[in-house]
Amino acid sequence: MIALVDCNNFYASCERIFRPDLERKPIVVLSNNDGCVIARSNEAKRLGIQMGEPAFKKKEVFQKNDIKVFSTNFVLYGDMSKRVMSILRKNSKDIEIYSIDEAFLKCYNEDLENYAVNLRDKVKQWTGIPVSIGIAKTKVLAKIANRIAKKYKKSGAFVLDRQEIIEKALKFTYVEDIWGIGRNYAKTLREYGIHTAYDLTCIEESWIKRKFSVVVLKIVQELKGINCLELESEYKKKKNICTSRSFGQPISDYNKLKEAVSTFAVRCCEKLRKQKTCASEIRIFIYTNPFNPRQRQYYGTRSIKLDHATNDNHIIIQEAIKALKLIYKKGYSYKKAGVIVGKLINDNEVQLSLFDQIYNREKYTKISKTIDKINNNMGRDKLRIATQGFDRNWKMKQEQLSPCYTTRIDEILTVKI
DNA sequence: TCTGGGGTCCTAGGACCC
DNA sequence: TCTGGGGTCCTAGGACCC
């Protein structure tokens with residue numbers, strides 16, 4: 001059987017662990033730039049705060065209901081996630097970490113209900129994070145079990161094992177609540193009179209395949225208890241890596257944009273080196289604020305192919321700036337920019353080029369390694385390329401940032417007695 | 001009037017996930 | 001005034017090959 005362990009309101013829960021005064025109080029966590037709501041405690045959900053809602057539209061609601069607002073603190077959430085996952089790993093050697101707040105586990109126990117409740121209690125006691133656990137034969141069914149556990153079970157655990165319970169659960173689940181069925185597929189399905197997961201299992205499979213794709217077909221089979229989505233316990237290297245940001249203030253100035261793009265390029269290189277890959281293609285994009293109808297709109301993007309795959313800061317920055325020069329247009333105020341590196345290959349499998357213009361690539365590799373080492377010890381961007389700039393007034397807005405309780409010694413929790 | 005039967009690779013766009 | 005930041009996979013269509 002497969003268990004899906006999912007942290008409840010993960011970001012909101014992370015913030016609350018270190019603020020026990022906020023127990024049972026409504027909390028929301030905002031996206032970068034304090035833009036949208038991306039996590040809500042149950043109390044905030046009950047007040048009607050929607051996922052993805054722009055924060056400025058809800059300002060009054062926040063104030064009126066005394067909702068505590070946090071800027072996003074990924075350092076904290078990442079570290080808390082690691083702690084939760086390490087506990088899960090100790091409980092099952094077959095584990096797939098699916099996202100920052102959820103994991104699939106294979107479980108072989110006799111008494112699954114008991115197993116789930118114990119695991120849940122352990123995670124809660126050791127980390128403070130509440131989780132829900134759903135157990136079933138396939139991943140898609142485990143997702144459904146988890147949803148029921150989270151919404152309706154006080155124990156936070158639910159096992160879908162017997163056929164009549166599965167059928168009841170499927171009849172109880174609308175198509176749009178199935179993992180892998182998004183807004184568009186759900187709309188189409190409903191137009192055909194298919195409303196629940198149970199309905200979906202009654203349809204002819206060839207029709208599903210023809211009308212949608214094998215992806216949907218696999219989901220349907222999973223609903224029937226046939227395993228189509230394997231547990232992927234191995235770490236998979238990313239095939240694309242993207243670093244992009246919206247700016248706190250729009251930017252018109254080319255040089256400022258160059259600083260931002262250079263910094264994003266360096267972030268991409270760091271991620272490339274971390275997973276030991278090199279990029280053969282780099283794409284950059286810049287665009288104006290699409291939400292401002294009074295503004296002239298522009299979306300510029302350009303990709304550059306590299307003869308020689310690399311993860312070197314200097315080279316990637318150079319290429320990124322080349323691309324930026326080609327797409328930059330004067331007179332627009334840009335709201336967002338980003339760098340994407342793709343066509344990734346392992347760093348020990350890079351094809352050498354007979355006509356390579358850069359001599360001594362090894363020297364570059366050494367420099368990158370040294371920079372990584374120093375910055376790992378001394379802090380991000382302590383050592384940087386000059387084009388990354390110094391004043392950083394394009395930085396994002398984060399007005400309600402909580403301390404990094406678990407990763408910075410000078411921000412550790414203080415207790416007054 | 002009638003125009004074959006296999007393939008591969010690449011890209012853009014659309015769907016989905018957290 | 002103020003609207004996030006990452007990813008994956010599949011398909012259709014176009015280009016090419018013999």
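Side chains are part of it too, since the values below use all heavy atoms of this structure and drop only hydrogens, waters and symmetry mates. Proteins come first, then strands; the chains are lettered A, B, ... in the order of their sequence lines, and each starts at number 1.
In this structure, A/Asp6 places its CG atom 12 Å from C1' of B/dC17, rounding to the nearest Å. One interatomic measurement links the two molecules: CZ of A/Phe285 to P of C/dG4, which rounds to 12 Å at whole-angstrom precision. Straight-line distance from the CZ atom of A/Phe264 to the P atom of C/dG6: 8 Å, rounded to whole Å. Per the geometry, CD1 belonging to A/Ile208 stands 14 Å off P belonging to B/dC16, to the nearest Å. Between A/Gln400 atom CD and C/dG4 atom C1' the separation is 17 Å, expressed in whole Å. Regarding A/Glu399, its CD atom lies at a distance of 17 Å from the P atom of C/dT1, rounded to whole Å. Nucleotide C/dG5 holds its P atom 9 Å from the CZ atom of A/Phe74, rounded to whole Å. Per the geometry, CZ belonging to A/Phe62 stands 14 Å off P belonging to C/dT3, to the nearest Å.
In this structure, A/Thr72 reaches neither bases nor backbone, as no heavy-atom distance under 4.0 Å exists between it and the strands shown. Contact annotation for A/Asp101: backbone-only contact, meaning every heavy-atom pair under 4.0 Å involves sugar-phosphate atoms and none involves a base. A/Tyr185 comes within contact range of the sugar-phosphate backbone alone, with a heavy-atom separation under 4.0 Å but no base atom that close. Nucleic acid contact class of A/Lys143 (heavy atoms, under 4.0 Å, all strands): sugar-phosphate only. Nucleic acid contact for A/Ile100: none, since no nucleic acid atom lies under 4.0 Å from a heavy atom of the residue. Heavy atoms of A/Lys211 sit nowhere under 4.0 angstrom from any nucleic acid atom. Contacts of A/Asn33 with the nucleic acid, taken as non-hydrogen atoms under 4.0 Å apart, are absent. Using a 4.0 Å heavy-atom distance criterion, A/Lys58 is classed as making no nucleic acid contact. Among the protein residues, A/Ile181 comes within range of the sugar-phosphate backbone only, with heavy atoms under 4.0 Å from sugar or phosphate atoms but none that close to a base. Residue-level contact check: A/Glu53 touches neither bases nor backbone, having no heavy atom under 4.0 Å from any strand. Within 4.0 Å (heavy atoms only), A/Val216 reaches no atom of the nucleic acid at all.
Nearest-nucleotide assignment on DNA chain C puts the 5′-proximal partner with A/Ser31, out of A/Phe212 and A/Ser31. Between A/Lys209 and A/Lys238, it is A/Lys238 whose nearest contact on DNA chain C lies nearer the 5' terminus.
Regarding contacts with the backbone of B/dC16, a side-chain N or O of A/Asn184 is found under 4.0 angstrom from either OP1 or OP2. OP1 or OP2 of C/dG5 lies within a sub-4.0 Å distance of a side-chain N or O belonging to A/Lys336. A close approach under 4.0 Å does occur between a side-chain nitrogen or oxygen of A/Lys335 and OP1 or OP2 of C/dT3. Considering only side-chain N and O atoms, A/Asn240 lies under 4.0 angstrom from the phosphate OP1 or OP2 of C/dT8. Applying the 4.0 Å criterion to OP1 and OP2 of C/dT3, one finds that A/Asn289 has a side-chain N or O inside that range. Using a 4.0 Å cut-off, no side-chain N or O of A/Ser213 falls inside it from OP1 or OP2 of B/dA15. Close to B/dC16, at under 4.0 Å from its OP1 or OP2, lies no side-chain N or O of A/Lys218. Between A/Ser246 and C/dG5 there is a side-chain N or O to OP1 or OP2 distance below 4.0 Å. For B/dT11, one of the phosphate oxygens OP1 or OP2 lies less than 4.0 angstrom from a side-chain nitrogen or oxygen of A/Lys343.
Seen from the ring of A/Tyr332, A/Arg296 counts as a face-on cation partner, given the 6.0 Å and 45° thresholds. For the pair A/Lys171 and A/Tyr198, the cation-pi test (distance below 6.0 Å, angle within 45°) is passed.
Here the two rings, on A/Trp179 and A/Phe104, have centers that are under 6.0 Å apart.
Inspection of the A/Glu15 and A/Tyr77 side chains reveals an N or O donor paired with an N or O acceptor under 3.5 Å. Using modelled atom types, one finds a donor on one side chain and an acceptor on the other under 3.5 Å when comparing A/Asn42 with A/Asn9. Remark: the A/Arg283 side chain and the A/Thr301 side chain contain an N/O donor-acceptor pair separated by less than 3.5 Å.
Across every strand in view, C/dC18 sits in a pair with B/dG5 that passes the Watson-Crick or G-U test at under 3.5 angstrom.
Of the candidate nucleotides C/dT3, B/dC18, C/dT1, C/dT1 has the atom lying nearest to any side-chain atom of A/Arg294. Of the candidate nucleotides C/dG5, C/dC2, C/dG4, C/dG4 has the atom nearest to the side chain of A/Phe291.
For the side chain to side chain donor-acceptor pair (under 3.5 Å) criterion with A/Asp79, the lone passing option out of A/Asn73, A/Thr406, A/Thr407 is A/Thr406.
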